[in-house]
Structures are given as structure tokens and as C-alpha cells.
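To start, the structure itself, in C-alpha cells.
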Amino acid sequence: MSIMKRRTFGKLVLGAGVAAPFHFVRSAVAQPQPGDELIVGIWGGAQERIVREFVEPALVDKYGCKVSYVLGGTGERRARAYAERGRPSFDVIYLNIYESRQAVTDGVTQAPTDAVANAEYLYPLAKQGGYGVAFNPCTIVYKTDKASSPITSYADLFKDEWKGRFASPTVPGMQGIAALLMLAKTYGGDEFNIDVGFQKLQELKPFAAIQNSAEAAWQMFEQDIADITIEFGSLANMAKDSVLPGITIADPVEGICAAMNVACITTGTQNQVLAEEWINLHLSEPCMQAYMRQTYYSPTVSNVAIPADIADKILTPDQVSRLASFDWEHIASAQAEWSSRFTREIAG
Amino acid sequence: MLVAFAVPMAVVVLLSMHAYSDPFGPLLRPPSTAQYAMVLGDFFYLRVLLETLTLAGGVTALSVIIGYPLALWLVSVPAKWRALAFVVILIPLLTNVVVRSLGIVLLLAPDGILNGVLGWLGIGPFRNMLYNYGAVCIALAQVFMPYVVLALYDVLQGTSPRVKEAAESLGASPSMVFWTVRFPMALPGLRAGIVVVFLMASTAYVSATILGGGRVLTSGMLVYREAITNLSYPIAAALTLVMTVASLAFSAVVLLVFRKLTPWTRAGEGRANSSLPAIPVWLVRGLDLIGPLISRGLLVIAIILLLLPLYLVVMQSFNDVPQASSAKFVGFTLKWYEIVLQNGNYTAAFLNSVRLAVASTLISLAVSIPAAFALVRYRFPGLNGLAVFWALPLSLPGVAIGVGMLQLLSIFFRLPPFLGLLAVHVAIVIPFCISLLVASVLQLDRAQEEAAASLGANGFQRFFRIILPGLAPGMAAASIMAFLTSFGEVTVTSFLTTARMTTLPVRIYADSTFMLEPTVHAVSAMTMLLTLIALFVLNKFLRLDRLYAR
């Protein structure tokens, strides 16, 4: 039995020291076992159908795992993720652009990394606060026949022809936040000087109505209650295809306000690899194509071909680069105050 | 009840005493009244509270006015058809509240059915019927009126027709019979209906959100916004508790007023006359003339309000449009049914909902029957406190219970999902059962029990042969209400569903979070059809009329 030399012992200690952190890391990125279950918190409807068809089968085939869904609204999902911080019951949750940024800051979800292979193709805007999976920016939508000339700027909202015909989107809500931000931007303010946005929104009163969803907005258009609003362009294109062919989705010179759905991996997930692969598959060509076809959501990755027949409804790389983006973390922190202020000063 | 409601309630109380919002801070912190000071010292919050209470009062009044003739009609329907007549109130209650609210939108829209009919008569069009307090009031009455009808039905069913005959034989005209006999005898049911509807209307927010068009703000909406969108739990909790106290104060006033009006219901005080004021002769004569017309008119309005939105729901389920809210009928399609039937998740969710509703109903009845007897027949310290405690879940916005539950998620998720949801549902439906059963117990004729006792019947025999048959209509009404409330519950359930335990309303709500597709209409139409088939089959083989007859 030989006695270990001091140098050998030192090497072993050093090796063990280097390897020790790997032990902790390993437990977090343990390889998936057949039968593992990935829990995904997502919206219902078309979004659920798309991931069930284009993401789940590929993941299950590769790892022999199971995928389960907790369905519901962003609010409930986010509230639960916050309540479960560090011991999550979800592995992947979908949030909006500013909620995702805030969730990373609050330690509820992980910042994006290159562990997701397709993340290398993400536009820079889509790789913050998680992995952007779909752009659905907000802009002005109006009845074409009610406009004396096409709308090219947010300043056009103040034309006499729209007086009393504007359905203001409500705050909270991405569309309402977009209205405040874009009005502020148009008239010299920004997210740090939102007073301008509130003041200009106030000047648009009297509103034809206040709408709290795209559904409500289209219904107001149909019933001739309102003629113009600010909404998600993707949903407006879907309405244009079906019940509202006579609407125009504006492309103002000030830009279209960025908005996107973000897939986030929860902090403390026990299924890190599965979660990363889930998002990787979500960013793959088949899933992105399905989103474009079924919901007119624009891809967040640059390596996906845009079908020619719907090219006018999907953002080009150039348009993505021109999306109006803001300090979303600041917006998340100010959201409660803006919401209260909107209720008291604008809606009240 | 303790785990499912009292503990989350205690959490809400603790949250309301946090000086500031910190989603990750400890639950136990030095108590502060800062949130209460903010709510009570802010004119905005007080205005919203007042408007909410006024709205709830309006909804209650409307529900009573059009619900009373409907309850009278249900009582007058021949017993063998009565179970099927209940379709009028059962089907709407089984339809998702979002879908029903959309039906009201289609009814009141500038190009909607009501304006169409009025235009045909040469009136209107009225373009401002939507997106105001009136529209919200109508929508909430459509949702809650069945609860008044069920409460009234129970006591009206228990009123002997001989009482009416006796009054008529003494020369009372129809309106005098109504004012001096039938209406006073219905007061216990009316009291239960008023309290239930007022408390539910004061916490509602789904219909208010859809029909209010951003112009109507209720405290339920504020609580949801603060708690869920802003994650400001302390202010949401304080707002909830202030609202609860205000609602319970209203309930206490209602109970006191009705106590004065129904002296005969108090044990040991004999059968005193009604304290309703006398009405002048000219008014009696006028009411004799127009009363039947008004009653029939209100009955028609009630049935139209309950059923017409559902007709629109069925029509929309065949509409080839991507959005459920579209009023235009673009083309006929069965694709929404295909989607629902091909997606096994709807079936699983439906079965989960039914299982949960049946179990909640059975447990709630088992708890509510002894509780109702205790509240009516016994006097003990803390009786009033107990009565208020039972009513608490009704007066709290569901989202507040959900927020309380969120803080207890680690405990909750150790329970099997079904048991956890069952506990919460039982807590939510028990107040309905107790409210209705209290009215039923008040109606029981104690002389029959005394007669049975004097003939040697023991306690068990009296319970099963005298009390239980007498309680049957009340139990049927309570069961229906409990089942439907549990079946339709979405607010609290949406926080607590797991990947393997999703209910039908949560599934529909989840679908609506992206874009409300007509699949929700297809699901609702299929639920209606299933209910109709079930009632026909049950009525044929089980003689449901016996369940409803005293």
C-alpha cells in the first residue's frame, strides 16, 4: 500500500475543489428521465393548441417525458409564480414583456441564457426577461371609411373626425400602457415622464368608450359605438380577415409599440433541461410558422421564413428593429401607479 | 370550513394590516392601519364602495321585482311538469357567466335584438343601452335572479292554498290576498333571496367588466386589479374587509327589518299579524285591475331575460367567426363543436366539475341542515356571531379568498388536488345552503312534530317522517343552488387548479384569456342540452315532482 505523496494529495484536493461546484450545478441540470413531468403555465385557446401540436410531441418523443398544462390568465399565473418563488409548481410560465422583465428582477424566473439553442437567433429585444416567443405589437386601428386620410402618426388621433369616436384602451393592460407610452413619445415625453401621455390621453376625451380587450374593441366597432382605438396588430388582422374587413392597422412614424409573449423558466425548477428544450422547440420553425398562420403573431427569431401570402400581416426584420421599446422594468414598477392614475383621472 | 375558509380569511386579515406591499415579505409583521386609513380616507375608494352598494341594491330590487312572478309561476305549474319548468332557471345558471354576459351584450347592442324589436314597433333605436350601470344591473340580475326565485319558491310552495281560499271567502280581493296573505308568508324566502343576491352582486366583477365597458367600476373589480394585476395584496385585503363589513351591515339591516315584518316566525311570540302597512282602497281597486297584467308582464320579462341570451349563445355556437363576441352571423359551421369534442380536455374538465359539484353539495347539505336548525330553534351565546360567520364567504370577493389561498399554497399543494378544491367549494356554497334552509326550517309546522311526539314518535321517526319531508323543497332548492354555484365557480378555483385537476369554468376562462372563441358557446350549448336530457330522463323515471312537493 503506497503512501500518497503530498503533491498528489494537493492535486486531488484541488480537483475536488474545482469539481465541488459542479456537484451543485449538476443537481439543477440533471438529465431528464423517462416519466419526468414538465408543468407549463400558458393561456388557453389557440396558444394552447399550438404548443400541444408543435412543441409537446417533439419533447415527449425525445425524452419520454410528460407535459401538463396549468391554464389561465397571466394575472393568476403570475400571482401564483410569485407566491411560489423558489419552490415553483410550474417549470415554464408565459408572461408579457414587462412582467417577464420584473419577474427576473424579483428572482421568480431565470434570465435567458444560451442553453436554449435557438436563442442565438432571437432578436435582441426578444432576449430579455426570458425568451420572447411571439411579437404582437400594439398600434392604432381604425375604420378605413371614417378616415379622411390614412393615419400616419399618433398626432392624427387628435383630428376632428375622431372626436368622440376613440375607444380608449384601459390601464392596466398592454394596449393601454402602449397608448400612454406612444402618446408620451409623440409629444416629447417617455416612460420616465409619463405625465405627457396622461395629459394627451386626457385631451382625447370624450371617449366613445373604454375598451378592456380586443374582443370588446371589435364589438364596439361592429356596433358603431367607436371608430378608432389602440390594439394588438395581430388580433386586428384576425378581425380584419373575418368580421371587420373595413379596418386599417396603422404604421405610425413614431413606431409601433413593442409587445410580446415571453416564455420564462422558473427559478428553482427541477426540470431545467426539459424547460430549456421546451422553449427551444417553441422557437423552432414549425411552431413559429403555426403562430404566424393561426394568430398572425410575428416570429421573435431571425431564422424563420415569413410566408409570402401573409407577409403583410407579419413584422419584417426591419419592422422589428423599428419597434418602439422602452425601459420595461421601470414600466413594471410604475404599473400600479399608472393604473390607479388612469382609473382616477382618465376613466373616472 | 375552518381550513378552507377561516384560515384564508385570517390570512386576508393579516395582509390588510401590512404597512406596505411586499409579495415576498413574511405574513406576520407589526400590525398597521395604514391600508384602512388609505381606503377610508380616500374619496375615490369611498365613492366606488358606495356605487357598488347602490348597484347591488339595484340588482337586488330588479331581481325581486321580476323574480317574484317567476317563483309564483313555478309554484303554479302542475307538479309533474315542475321539474322541467325549472329549466328556465337551471339552464342559465349552468351557462358560463362570461358567455351569459356576452349574450346580454348582443341583446342590448345598438344593432341588437332589443333595438330590432323596438324598431319594428317604431321606437328607437336606443344606442346607449350598453356600457353603463343600467346594462351591468340587467346583466347581474340575469345572473342572480334565479337565486331569489329558488329562495321564494321554497316558501311559496309551503304556503297552503287554503290560506288563500280563506282570505277570499272573507271578501279579500286578489290584490288584498297578495298583500295581506301571500306576500307576508313569502317574506322568509324573500329575506334569504335578498341577502344572497345583494352579497353576490356586491362582489361581482365579471359581468361588470364586460357590460360596464370601462365606465363602471365596482369594488370587486378594484380588489381584482390591486391583488392580481398590481400584486398589492394589503390594499386589496383592506378594501375587501371594508366592503365585507359594509355588506354585512346591510344584511343585518335586512334581517332586522324582516324580523319586524315576520313576528310569527319567532318562537314563543305566537302568530302575530303582519306588520305590513295597510294600503288605501283606491290603490287596492287599481291593483285589482292592473295587477294581473303587471304580473304577467314581469313574468314574460323574467323569462325573456333568462332565456334570450341563451338562444343567442346557441346561435353563436354555429357562427363561423373567430371571435365569440361578434354579433354578425357570417356563416353556419360545426367546427367549434368539433374542436370541443376532439379535445378530450373539455370532457375531463366537465367531469371534474360535476364530481366536485356533487361532492360539495352533499357535504354542504350535511353541514347546513343541523346548522340551520341551530340558528332557528336554539338560543345560545354567540348565535348572532355564528350567523354572520356563515354568511362571510358570500360577502367576500372570490379573488380575496384566492389571494388568501395563494399564501397557503405550500399547504394546499400537499393535499390531493380534489380534496383541496372540495374544501374551498364547500366553504363557498355553504352560505347558500344555510340561507335557504333557515327559511325552510322557519316554515316547518312545529305542531306536526308535537303531534307526532304526542303519538309516541321518537326523535328519528319525527326527523325522517315529519321534518325531512317538510324540508324536501328547501333541500332541493339548496342542492340545486349548491351544485350550480360549485359547477360555475371560477374565481377561486383558477388559483388552485393543477395540471391534473382543471374544471370546466377554468378551462373556458383559460380559453378566453387569449381570444374568446365560439368554442365557449359550443361548450355552453352542449351543457344545456345535457341538462335538458338529464331532466327529461330523471323526470320520467324518478318522478322529480315529489322532490319539489311538500
Side-chain angles (χ1 to χ4, degrees), chain A residues 37 39-40 42-49 67-76 78-80 82-85 87 89 106-107 167-170 172-173 207 209-216 218-220 222-225 235 238-239 241-244 295 335-336 339-340 343-344 347-348, chain B residues 21 23-24 44 47 102 105 109-112 127 130-131 209-210 213-215 217 222 224-232 320-328 330 339 343 345 402-403 406-407 409-410 413 494-495 497-500 502 506-517 519:
Chain A
E37 184 179 23
I39 309 281
V40 177
I42 193 169
W43 303 276
Q47 312 227 29
E48 180 204 355
R49 286 202 295 273
V67 180
S68 298
Y69 302 88
V70 178
L71 303 171
T74 317
E76 286 81 0
R78 186 172 68 122
R80 207 157 125 178
Y82 270 66
E84 298 171 346
R85 184 174 73 160
R87 45 182 176 78
S89 62
D106 291 336
S168 172
T170 195
F207 302 138
I210 297 173
Q211 55 97 348
N212 48 34
S213 67
E215 297 276 339
W218 311 146
Q219 202 165 48
M220 287 165 183
E222 258 188 13
Q223 294 292 329
D224 204 25
I225 291 169
L235 300 183
M238 290 179 75
D241 272 2
S242 52
V243 290
L244 291 170
T295 62
Q335 182 204 305
S339 166
S340 172
T343 307
R344 289 160 189 258
Chain B
S21 177
F24 309 114
F44 170 74
R47 180 170 64 86
L102 285 178
V105 170
D111 295 334
R127 307 196 72 81
L130 272 179
Y131 308 128
T209 304
I210 294 173
R215 290 206 165 103
L217 193 61
L222 268 188
Y224 184 89
R225 189 176 295 182
E226 292 293 351
I228 303 305
T229 311
N230 298 338
L231 295 177
S232 304
D320 194 7
V321 286
Q323 288 138 359
S325 60
S326 176
K328 284 181 189 166
V330 173
I339 291 176
N343 185 341
N345 294 308
V403 166
L406 275 180
Q407 304 295 317
L409 273 180
S410 57
F413 283 120
S494 63
F495 287 104
T497 47
T498 63
R500 291 182 211 85
T502 299
V506 170
R507 170 114 223 135
I508 290 175
Y509 171 66
D511 285 351
S512 72
T513 53
F514 168 62
M515 190 175 72
L516 200 63
E517 293 177 332
T519 45

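Here is how names work: the chains are called A, B, and so on, in the same order as the sequence lines, proteins then strands, and each is numbered from 1. Small disclaimer: the values here were computed from a predicted structure and weren't measured.
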| query | Under the 3.5 angstrom rule, does the side chain of A/Gln219 hit a backbone N or O of B/Ala109 as a donor-acceptor pair? | reply | no
| message | What part of A/Asp106 gets within 4.5 angstrom of chain B, counting heavy atoms only: side chain, backbone, both, or neither? | response | both
| task | Answer with side chain, backbone, both or neither: which region of A/Glu48 has an atom nearer than 4.5 Å to a non-hydrogen atom of chain B? | result | side chain
| remark: Shortest non-hydrogen pair, B/Val506 vs A/Leu71, comes out as CG1-O, 4.2 Å
| remark: Between the OH atom in B/Tyr131 and the CD atom in A/Gln211, the distance rounded to the nearest 0.5 Å is 9.5 Å
| Under a 4.5 Å heavy-atom cutoff, which of A/Ala216, A/Ala209, A/Ser339, A/Ser242 has the most pairs with chain B? | A/Ser339
| Under 4.5 Å from any heavy atom of chain A - which part of B/Val105 | side chain
| request: Mind listing the closest non-hydrogen atom pair of A/Asn212 and B/Thr209 along with its distance? | output: ND2-O, 3.1 Å
| request: Decide yes or no for A/Val243 and B/Val330: does some side-chain heavy atom of the first lie under 4.5 Å from some side-chain heavy atom of the second? | output: yes
| field | Between B/Leu130, B/Leu102, B/Ile228, B/Leu222, the one whose heavy-atom pairs under 4.5 Å with chain A are most numerous | value | B/Ile228
| message | To check you understand the geometry: which heavy-atom pair defines the closest contact between B/Arg215 and A/Phe207, and what is its length? | response | NH2-O, 3.0 Å
| Which bit of A/Ala167 is near chain B, if near means a heavy-atom gap under 4.5 Å: side chain, backbone, both or neither? | neither
| task | Quick one: list whatever passes side chain to side chain contact (heavy atoms under 4.5 Å, CB included) with B/Leu231, sequence neighbours left out. | result | A/Arg78, A/Ala79, A/Tyr82, B/Tyr233
